[in-house]
Amino acid sequence: MTKIINNNNKRYKAVSKTVLQQSYQCSPYTFRQWTKKINSRLGAYQGGLYTPKQVKIIVSHLGEPPLIEDVVYKPKF
C-alpha cells in the first residue's frame, strides 16, 4: 500500500540553488530557465539559500523533484 502525502503537509528546508538543481537533476542553466517565469513571486535570493517558502513555490511550479528527500524537512525523532 502506497501512502500519498498531500503537498500542503510537507515542510521544506532552506536550500541552495545547487541543491535544488541536483534534486531536479538538471544543469544550472536549465534551472534558471525553468524558474525565470516565477522570479517575481520568489523574491530575492539572499544569503545563499532559498527559504522554505520559496522552495514551496518552486516545487509547486515545477512539480516534485526526483530527489525530493533533498528538499523536504524530516524531523529527527
Side-chain angles (χ1 to χ4, degrees):
M1 178 194 236
T2 304
K3 184 177 180 182
I4 298 174
I5 299 173
N6 190 355
N7 202 16
N8 295 334
N9 294 334
K10 290 183 182 173
R11 291 180 58 198
Y12 296 101
K13 299 189 274 187
V15 293
S16 67
K17 285 183 182 180
T18 304
V19 170
L20 273 174
Q21 292 160 9
Q22 290 171 349
S23 67
Y24 279 101
Q25 299 175 335
C26 65
S27 69
Y29 174 78
T30 302
F31 185 77
R32 278 194 312 272
Q33 295 304 310
W34 288 350
T35 57
K36 193 181 276 189
K37 292 180 182 179
I38 60 169
N39 277 341
S40 61
R41 283 181 43 205
L42 283 178
Y45 176 73
Q46 294 179 334
L49 296 173
Y50 281 118
T51 65
K53 191 173 186 176
Q54 289 172 318
V55 173
K56 185 176 182 176
I57 292 169
I58 292 169
V59 170
S60 68
H61 176 70
L62 298 177
E64 280 193 357
L67 302 174
I68 189 72
E69 60 274 1
D70 292 345
V71 296
V72 174
Y73 172 77
K74 292 181 184 168
K76 295 183 179 184
F77 53 90

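Index from 1, following the sequence. Below, all heavy atoms of this structure are taken into account, side chains as well, without hydrogens, waters or symmetry copies.
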Please tabulate, for side-chain N and O atoms in residues 44-53, each donor-acceptor pair with protein atoms closer than 3.5 Å (sequence neighbours left out).
unit_1: Tyr45; atom_1: OH; unit_2: Lys17; atom_2: N; d: 3.2
unit_1: Tyr45; atom_1: OH; unit_2: Gly48; atom_2: O; d: 3.0
unit_1: Thr51; atom_1: OG1; unit_2: Gln54; atom_2: N; d: 3.2
unit_1: Thr51; atom_1: OG1; unit_2: Gln54; atom_2: OE1; d: 3.4

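- Two residues are said to be in side-chain contact when any heavy atoms from C-beta on lie closer than 4.5 Å; Gln25 and Leu67 meet this criterion.
- Connection of Ile38 to Val55 is established within a shared hydrophobic cluster, with ILVMFWY side chains joined at heavy-atom distances below 4.5 Å, either directly or through further cluster members.
- Here the CD1 atom belonging to Ile58 is positioned 4.5 Å from the CG atom belonging to Leu42, to the nearest 0.5 angstrom.
- Here the NZ atom belonging to Lys37 is positioned 11.5 Å from the OG1 atom belonging to Thr35, to the nearest 0.5 angstrom.
- Shortest non-hydrogen contact noted between Val72 and Lys13 is O-CE, 3.7 Å.
- Val15 approaches Asp70 most closely through the heavy-atom pair CG1-O, 3.8 Å.
- Closest non-hydrogen pair, Ser27 versus Gln21, comes out as O-CG, 4.5 Å.
- Listed here is the closest heavy atom pair of Cys26 and Phe31: SG-CB, 3.8 Å.
- For the pair Pro65 and Ser23, the tightest heavy-atom approach, listed with the atom from each and the gap, is CB-O, 3.3 Å.
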